[in-house]
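Working notes, beginning with the structure itself.
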Amino acid sequence: MNIVERFLQYVAFDTQSAEDTGKTPSTDKQFNLARFLKNELETLGLEDVEMTDNGCVYATLPANTTDDVPVIGFIAHMDTSPDCSGENVKPRIVKAYDGAPIVLNEEKSIVTTPEKFPELKAHIGEDLIVTDGTTLLGADDKAGIAEIVQAMAYLLEHPEIKHGKVRVGFNPDEEIGLGAKAFDVEKFGCQWAYTMDGGELGELEYENFNAAAAKIDIKGVSVHPGYAKGKMINAAQVAAVLAAEFPTHETPEHTAEYEGFYHLLHIEGNVEHASLSFIIRDHDSARFEERKTFVEKAVAWVNAKYGEGVATATITEQYRNMRQQVEPMPHIIDIVLDAMREIDIEPKVRAIRGGTDGAQLSFMGLPCPNIFAGGLNFHGPHEFLPIPSLEKASRLVVKIIEMTARGI
Ligand SMILES: [Zn+2]
């Protein structure tokens with residue numbers, strides 16, 4: 001079976017995850033793909049194939065050399081985003097893309113244009129897998145699954161390529177931030193692993209934000225407005241003053257690359273009570289600490305101005321930058337960069353402006369950089385997957401396994 005056929009099999013399964021169902025996996029339908037993959041991996045001839053009660057699938061490609069090679073793993077997620085339907089996906093292949101707008105759905109006039117989606121321009125001449133405009137495609141992250149499975153099939157057919165033990169893991173619920181929670185790092189038993197869950201060809205990510213949430217509560221004092229002089233503390237007014245104290249240019253809409261921010265997610269209030277919810281993000285851990293201190297200082301300033309106890313802040317850590325877990329093991333990045341160069345992929349190392357399952361896994365003891373899966377415009381009907389990127393990602397998996405055994 002070729003990799004495109006493999007990918008198309010997977011997108012036929014609706015595996016949309018859902019927030020707040022209280023279950024793992026969050027939706028039962030994710031089990032359908034998990035079961036299918038378990039069978040497929042068994043049929044291919046992998047060992048220790050297992051589907052767990054929480055919807056993870058694990059398998060082993062046994063070593064075919066007696067050399068001492070580190071055990072490494074490849075991970076992809078089975079679910080698709082709750083933001084867009086993944087039911088009844090009808091993929092279509094655009095042959096030798098000519099650079100013109102792609103009509104996804106004539107009837108509903110849904111068109112992917114290179115003006116709106118400039119990523120398309122890098123893929124002129126290539127075959128692209130697109131949607132019919134009514135669903136997402138699911139290349140995030142079924143492309144990753146197809147790349148890993150295809151690489152396993154290839155290595156089984158090519159025993160002349162010597163390799164150590166390789167583990168494969170597919171998890172549910174990445175899109176709702178709970179993929180790592182379902183994942184059993186100990187059972188996986190790898191020295192390090194890679195998630196195949198990035199976008200554009202060549203992407204490699206091992207840095208993400210340090211992240212915290214800050215909730216600020218403001219207690220006001222309500223008095224009849226006609227007689228309020230010197231008595232009233234208007235919580236809503238205080239909230240507005242406090243929000244204005246935050247640096248106006250350190251916000252998501254004014255920052256890029258390694259610039260961190262404060263993001264006011266929510267503000268509400270009346271005279272008696274007000275609350276502000278911020279998220280705080282920074283790649284640099286020292287600057288991240290400074291940002292948290294800034295929130296505390298801003299609250300202290302409000303209290304000095306309006307009275308002790310008017311404002312209180314609760315700061316909760318959300319996730320940390322995986323860089324600190326990956327940096328002590330530079331070879332796990334070097335292997336990927338060398339493997340990319342060997343198969344003519346230009347590496348694009350990027351810092352993620354968000355978090356990943358890999359970041360959580362890294363702090364659970366499994367250093368786990370993220371590699372491109374090839375798809376673009378995730379989480380909506382304009383998602384597309386250039387077939388050459390899909391094929392190259394799978395070749396990269398093979399190459400990384402090969403080079404790990406070579407001990408570079
Ligand atoms: Zn993904």
Side-chain angles (χ1 to χ4, degrees), residues 3 6-7 10-11 13-19 24-27 29-30 33-34 37 55-57 73-87 89 91 119 129 131 135-151 168-183 193-209 211 318-319 322 336 348 350-362 366 368-386 389-390 392-394 396-397:
I3 192 166
R6 216 176 274 288
F7 171 74
Y10 305 151
V11 298
F13 289 86
D14 174 11
T15 55
Q16 189 180 40
S17 51
E19 306 270 1
T24 309
S26 62
T27 50
K29 56 193 177 184
Q30 294 182 69
L33 178 57
L37 288 167
C56 285
V57 176
F74 290 87
I75 298 169
H77 65 89
M78 293 179 285
D79 64 316
T80 60
S81 171
D83 296 346
C84 179
S85 171
E87 191 183 358
V89 173
E119 303 83 357
I129 308 178
T131 72
T135 64
L136 48 66
L137 177 61
D140 175 14
D141 187 24
K142 288 161 182 165
I145 300 176
E147 289 151 8
I148 296 168
V149 175
Q150 193 71 11
V168 167
F170 301 131
N171 60 278
D173 291 346
E174 189 271 349
E175 298 291 358
I176 56 166
L178 296 176
K181 188 178 156 237
F183 205 85
Y194 302 99
T195 48
M196 299 298 296
D197 191 22
E200 181 65 274
L201 177 74
E203 262 180 32
L204 170 63
E205 301 160 323
Y206 58 93
E207 292 182 81
N208 58 280
F209 276 144
Q318 293 172 308
Y319 52 84
M322 75 165 111
V336 181
K348 297 189 180 95
R350 285 205 179 123
I352 305 169
R353 291 180 61 77
T356 69
D357 270 4
Q360 292 183 55
L361 293 172
S362 295
L366 180 69
C368 200
N370 187 36
I371 295 175
F372 72 94
L376 291 147
N377 301 334
F378 292 164
H379 300 185
H382 299 282
E383 188 181 3
F384 71 95
L385 175 62
S389 302
L390 175 74
K392 278 202 162 168
S394 190
L396 182 62
V397 172

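Quick caveat: nothing in here was measured; it's all calculated off a predicted structure. Whatever order the structure lists ligands and atoms in, that order sets their numbers, starting from 1.
The atom of Asp140 that is an N, O or S and sits closest to the Zn ion (ligand 1) is OD1. Within Asp197, the N, O or S atom at minimum distance from the Zn ion (ligand 1) carries the name OD1.
There is a side-chain donor-acceptor pair under 3.5 Å between His77 and Asp140.
When each of Lys142, Gln30, Lys29 is paired with Thr15, the side-chain hydrogen bond (donor to acceptor under 3.5 Å, both in side chains) condition holds for Lys142 and for no other. Evaluated for a side-chain contact (heavy atoms from CB on, under 4.5 Å) with Leu204, the options Asn370, Leu396, Val336 yield exactly one hit, Val336.
A donor-acceptor pair is defined here as one N or O able to donate and one able to accept, closer than 3.5 Å; such a pair exists between the side chain of Thr131 and the backbone of Pro381.
With 2.8 Å as the limit, Asp141 does not count as an N, O or S neighbour of the Zn ion (ligand 1).
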